[in-house]
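Working notes, beginning with the structure itself.
From a predicted model like this one, the values you see are computed outputs, not experimental measurements.
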Amino acid sequence: EYKKLFYMARLMLFACIPQCGQERMPYGHNRSPVCGRNLPLSVRHPGWMRFTEACLLKTENNMTTLSEPLVTPKYGKWRQLVLGLICMAAISSPQYVWTLLTKPLAAKLGVGLPELQVTFSLLIILQTFFSPFQGRLVEKFGPRRLIAIGTVMAGMSWVLSAQVNGLATLWLVYGCMGGLGTGIVYIGVVGLMVKWFPQQRGFAAGAVAAGYGMGAIITTFPISLSLTTNGLEHTMTTFGILFALVGFLASQGLKLPPPAVSQPVSQTVVQSSRSFTSREMLRQPLFWLMFAMMAMMSTSGLMVTSQMAVFAEDFGISQAVVFGMAALPLALTIDRFTNGLTRPLFGFISDRFGREQTMFIAFALEGVAMMLWLACREDPLLFVLLSGVVFFGWGEIFSLFPSTLTDTFGSEHAASNYGWLYISQGIGSIFGGPLAALLYQHTHGWHVVFSCAIGLDFVTAALALWVLKPWRARFIRQHS
């Protein structure tokens with residue numbers, strides 16, 4: 001026994017040397033993890049005891065050996081979160097800065113705006129409808145390699161688009177190549193974060209989703225200024241290389257969590273102990289309920305996103321001035337902030353009080369805000385303020401749904417599983433975009449369109465609390 005204590009004292013002496021990036025374990029315990037007896041005073045020093053609980057000693061053939069320390073890198077998961085957020089910000093401009101490129105590209109290629117907008121449609125379609133395939137690639141080849149490829153593809157889509165001279169080539173390069181690249185990064189980063197943060201999945205998914213939603217805020221003004229001073233080709237080439245370089249460097253620090261990180265689970269959120277493959281998940285009716293709910297919320301939010309400039313003009317707001325600024329650009333700026341802020345905020349709330357309760361509050365909030373928005377549509381100030389509330393009640397779907405999905409079907413196949421759920425975003429873009437515009441044309445007004453969106457908000461809120469919550473609880477009990 002004394003020989004064991006001697007070896008352990010030597011190990012603790014080395015362990016008390018400061019280790020960069022390691023989390024200190026609790027100390028103050030006086031018993032040996034080997035024999036259970038009290039240790040001598042000479043080895044009870046707090047510095048020596050600091051790693052006692054992190055060392056697993058075993059005796060075999062009268063020899064004492066040290067197995068792998070049960071410690072995790074300090075700030076490791078937060079470093080992963082920051083790197084994932086940078087990767088998401090690096091791919092946000094192809095979607096959110098597209099509106100600044102439409103006029104220069106249309107003038108350069110000599111095409112009309114409807115034909116040019118096919119490029120943007122291809123970007124969204126390939127980003128969403130190919131997401132299961134992209135998620136499967138991330139799980140097969142690892143997040144660092146695939147996310148690096150995705151960031152380079154997204155950045156190079158700008159570089160190559162600066163050199164194109166035909167519309168079909170622009171569709172192929174900007175729409176297809178850019179859509180596949182951004183989809184790989186988005187699905188890969190979200191799937192990785194829900195693995196690193198088993199107790200804070202809502203917050204982690206929301207934080208990186210906010211990086212995608214708000215990342216373009218940093219680049220919008222410099223790109224706009226560069227387009228004016230340097231022209232289209234120089235701007236897209238310079239920023240494309242910058243996006244690819246920043247994203248590639250950030251992706252090199254991404255990695256899967258060690259098994260010890262995946263073990264602790266939330267004490268306030270119901271989580272499954274079994275991981276389902278995508279094929280197993282697709283056979284579960286519970287998944288299709290989540291799919292329908294996210295599609296309904298995507299329809300409501302994307303209707304506002306895609307049609308806001310049109311109904312603002314019909315409501316007489318486009319020429320109004322609020323706080324000395326044009327009402328519509330001010331509303332769009334506020335919307336971008338609230339749309340990003342709501343993702344980590346409601347994700348954090350859901351980690352503390354439950355997913356379905358948070359869904360009910362957020363979805364009902366959007367429904368009420370849209371009702372007031374329609375009722376006060378002729379007041380420029382209320383139009384601007386309520387638009388921010390509408391986006392505040394919508395953007396959280398990108399944190400609540402991936403975290404709920406991972407809680408239900410496990411984290412082992414989180415990327416590919418969320419890829420299947422993310423297709424609902426593409427379906428919502430169809431219903432909220434062209435189909436909502438057709439409904440507006442047939443009804444010659446926005447009341448029916450808004451009524452449908454408001455109805456979807458309240459129906460989804462009710463489904464979350466009274467259908468999804470009990471169903472998911474029963475499902476997890478049956479498969480745990």
Side-chain angles (χ1 to χ4, degrees), residues 76-77 80-88 90-92 126-154 179-198 200-212 247-248 250-259 261-262 265 271-272 274-284 287 290-291 294 343 347 397-426:
K77 64 180 183 180
Q80 294 295 307
L81 183 66
V82 171
L83 292 175
L85 198 152
I86 294 173
C87 290
M88 294 286 256
I91 63 161
S92 63
L126 269 78
Q127 180 182 344
T128 54
F129 285 94
F130 279 77
S131 52
F133 172 71
Q134 295 159 347
R136 184 70 185 93
L137 289 177
V138 171
E139 291 179 349
K140 184 176 181 179
F141 297 102
R144 182 174 64 180
R145 183 181 303 175
L146 263 294
I147 293 174
I149 292 174
T151 55
V152 172
M153 288 176 63
L180 289 174
T182 55
I184 290 173
V185 177
Y186 191 96
I187 295 300
V189 170
V190 172
L192 182 63
M193 290 306 112
V194 295
K195 292 181 180 181
W196 271 102
F197 290 81
Q200 301 156 313
R201 283 174 178 156
F203 169 77
V208 293
Y212 184 71
F248 178 82
S251 68
Q252 297 309 293
L254 296 176
K255 59 183 178 180
L256 290 170
V261 176
S262 303
V265 295
Q271 295 180 341
S272 175
R274 175 187 169 187
S275 290
F276 290 74
T277 65
S278 296
R279 181 174 297 183
E280 293 172 333
M281 181 190 69
L282 293 173
R283 297 195 188 109
Q284 302 298 329
F287 166 77
M290 296 185 196
F291 188 95
M294 188 169 179
R343 302 178 185 193
I397 67 173
F398 300 106
S399 60
L400 297 183
F401 280 106
S403 56
T404 304
L405 184 79
T406 307
D407 291 341
T408 308
F409 297 104
S411 61
E412 184 177 351
H413 307 284
S416 58
N417 288 349
Y418 182 54
W420 285 102
L421 183 63
Y422 195 59
I423 293 177
S424 61
Q425 168 81 351

**OP:** Please round to the nearest 0.5 Å and tell me the distance separating atom OG of Ser411 and atom CZ of Phe276.
**Re:** 12.5 Å

**OP:** Look up atom CZ in Phe203 and atom CZ in Arg343, then write down how far apart they are to the nearest 0.5 Å.
**Re:** 14.0 Å

Original post:
Is there a donor-acceptor pair under 3.5 Å between the side chain of Thr151 and the backbone N or O of Ala148?
Top reply: yes

**OP:** Could you tell me whether the side chain of Tyr422 reaches within less than 4.5 Å of the side chain of Val190, counting heavy atoms only?
**Re:** no

Original post:
Going from CG on Leu137 to CD1 on Ile187, what distance comes out if it is rounded to the nearest 0.5 angstrom?
Top reply: 12.0 Å

Subject >> Residues in salt bridge (Lys or Arg N to Asp or Glu O under 4.0 Å) contact with Arg145, at least two apart in sequence or another chain >> reply: none

Original post:
Could you state the interatomic distance from OG1 (Thr404) to CD (Gln271), rounded to the nearest 0.5 Å?
Top reply: 10.5 Å

Original post:
When you measure from the side chain of Gln80 to the backbone N and O of Lys255, does any donor-acceptor pair fall under 3.5 Å?
Top reply: yes

Original post:
Does any pair with a residue in residues 400-417 pass salt bridge (Lys or Arg N to Asp or Glu O under 4.0 Å), and if so which ones, sequence neighbours excluded?
Top reply: Arg201-Asp407, Arg355-Asp407

**OP:** Please name the pair of heavy atoms, one in Pro257 and one in Leu192, separated by the smallest distance, quoted to 0.1 Å.
**Re:** CD-CD1, 4.3 Å

Original post:
Does CZ in Phe130 sit with more than 12 non-hydrogen atoms of other residues, nucleotides or ligands closer than 6.0 Å?
Top reply: no

Original post:
Nearest heavy-atom pair of Ala250 and Ile86: which atoms, and what distance?
Top reply: CB-CG2, 3.7 Å

Subject >> Taking every non-hydrogen atom, the tightest pair across Leu254 and Gly84 >> reply: CD2-N, 3.9 Å

Subject >> Validation row: Tyr418, Tyr186 side chains within 4.5 angstrom (heavy atoms) >> reply: yes

Original post:
Does the side chain of Ser278 pick up a donor-acceptor pair with the side chain of Ser416 at under 3.5 Å?
Top reply: yes

**OP:** Please report the closest heavy-atom contact between Val194 and Ala414, naming both atoms and the distance.
**Re:** CG2-CB, 3.7 Å

Original post:
Can you name the residues that form a ring pair (Phe, Tyr, Trp, His ring centres under 6.0 Å) with Phe398, not counting sequence neighbours?
Top reply: Trp394

Original post:
Are side-chain heavy atoms of Met281 and Leu405 found at a separation under 4.5 Å?
Top reply: yes

Original post:
Can you find a pair of side-chain heavy atoms, one from Thr408 and one from Phe287, that are under 4.5 Å apart?
Top reply: no

Subject >> Met290 and Phe409, any side-chain heavy atoms less than 4.5 Å apart >> reply: yes

Original post:
Is any side-chain heavy atom of Glu280 closer than 4.5 Å to a side-chain heavy atom of Arg274?
Top reply: yes

Subject >> Flag side-chain contact, heavy atom, 4.5 Å: Val138 against Gln134 >> reply: no

Subject >> Interatomic spacing from CZ in Phe141 to CD1 in Ile147 - rounded to 0.5 Å >> reply: 14.5 Å

**OP:** Examine distances only and state if a side-chain atom of Ser275 and a backbone atom of Gly410 form a donor-acceptor pair shorter than 3.5 Å.
**Re:** no

**OP:** Give, for atom OG of Ser424 and atom CD1 of Ile397, the distance between the pair rounded to the nearest 0.5 Å.
**Re:** 7.0 Å

Subject >> Closest non-hydrogen atom pair between Gly150 and Val185, with its separation >> reply: C-CG2, 3.5 Å

Subject >> Heavy-atom closest pair, residues Cys87 and Val189 >> reply: CB-CG2, 4.3 Å

